[in-house]
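In listed order, ligands and their atoms are each counted from 1.
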Amino acid sequence: MPVDSQKLKDNFAQVGTNGMDVADYFYADLFARSPQLRSMFPAAMAKQHEVLLAALSQIVSSVDDPDALVPFLRDLGRRHHGFGVVAEHYAPVGASLLATLARFSGPAWNEDLERDWTAAYGVVARVMTEAAAEPVS
Ligand code: HEM
């Protein structure tokens, strides 16, 4: 079944009403799951919270517009290569993202959303890691 992009947008809009709590929860979950990732990030995380949410918003808003989404993700993937991010890091980040979305969706969370978010994150991670593996032109 194809991903229902409107459902992802609606769900993300609902989750986003929780503001920075979403990013707080995400990084707390990620560093509990994978403590070794903590040192890759700055000590003070406020800025990171903002840029993560902004980037996720950008991704979700262009989820049905590959001409905008793919270049954005390729650039993001190349920059992540520069931060020392490797392909194996994408799984724990995806798990924390899903856990965060589930947490803030509350009763609205269901199997369809879980499947669609998993598929969408899979595409994001693939485009980012593929771009990271290519030389900068
Ligand atoms: C959906 C996937 C991801 C999104 C949307 C995302 C978003 C961002 C954004 C917007 C930045 C700010 C810098 C920039 O724009 O270049 C950033 C930085 C960073 N991200 Fe990600 N990221 C993702 C996946 C990952 C993964 C898998 C890791 C692995 C641990 C990671 C680790 C980092 C690190 C270490 C920084 C730099 C922090 C710093 O030194 O300031 N990110 N990320």
Worksheet item: Who's the nearest protein heavy-atom neighbour of atom 16 (O) of ligand 1, and how far?
Response: Arg79 NE, 2.4 Å
Item to complete: Using a strict 4.0 Å cut-off to heavy atoms of Tyr90, name the atoms of ligand 1 that fall inside it.
Response: 27 (C)
Worksheet entry | For atom 38 (C) of ligand 1, the protein heavy atom that lies nearest, with its residue and separation | Gln48 OE1, 3.6 Å
Practice prompt. Using a strict 4.0 Å threshold on nitrogen-to-oxygen distance, state whether Arg74 and Glu134 make a salt bridge.
Written response: yes
Worksheet item: Heavy atoms only: which of Val124, Leu30, Leu73 is nearest to atom 1 (C) of ligand 1?
Response: Val124
Worksheet, complete the sentence: Within 4.0 Å of some non-hydrogen atom of Tyr121, the atoms of ligand 1 are 1 (C)
Practice prompt. Note the single closest protein heavy atom to atom 2 (C) of ligand 1, along with its residue, its atom name and the distance in Å.
Written response: Met128 SD, 3.9 Å
Practice prompt. Verify whether one side chain among Trp117 and Asn11 offers a donor that lies under 3.5 Å from an acceptor in the other.
Written response: yes
Worksheet item: How about Phe31 and Phe41: are their ring centres within less than 6.0 Å of each other?
Response: yes
Worksheet item: Is there a donor-acceptor pair closer than 3.5 Å between any side-chain N or O of Arg78 and the backbone N or O of Gly82?
Response: no
Item to complete: For Ile59, counting its heavy atoms only, list the atoms of ligand 1 lying under 4.0 Å from any of them.
Response: 5 (C)
Worksheet item: Around atom 21 (Fe) of ligand 1, what protein N, O or S atoms are found below 2.8 Å?
Response: His80 NE2
Worksheet item: Going from CG on Leu53 to CD on Gln48, what distance comes out if it is rounded to the nearest 0.5 angstrom?
Response: 10.0 Å
If you look only at distance, which donor and acceptor atoms sit under 3.5 Å apart when one is on a side chain in residues 119-127 and the other is two or more places apart or in another chain?
{"unit_1": "Tyr121", "atom_1": "OH", "unit_2": "Tyr90", "atom_2": "O", "d": "2.7"}
{"unit_1": "Tyr121", "atom_1": "OH", "unit_2": "Gly94", "atom_2": "N", "d": "3.4"}

Worksheet item: Does the distance from a Lys or Arg side-chain N to an Asp or Glu carboxylate O, for Asp10 and Lys7, drop under 4.0 Å?
Response: no
Worksheet item: Taking only residues at least two apart or on different chains, which pairs with a member in residues 19-35 satisfy salt bridge (charged side-chain N to carboxylate O under 4.0 Å, His left out)?
Response: Asp29-Arg33
Practice prompt. Hey, could you give me each pair passing salt bridge (charged side-chain N to carboxylate O under 4.0 Å, His left out) that has a residue in residues 87-99? Not counting sequence neighbours.
Written response: none
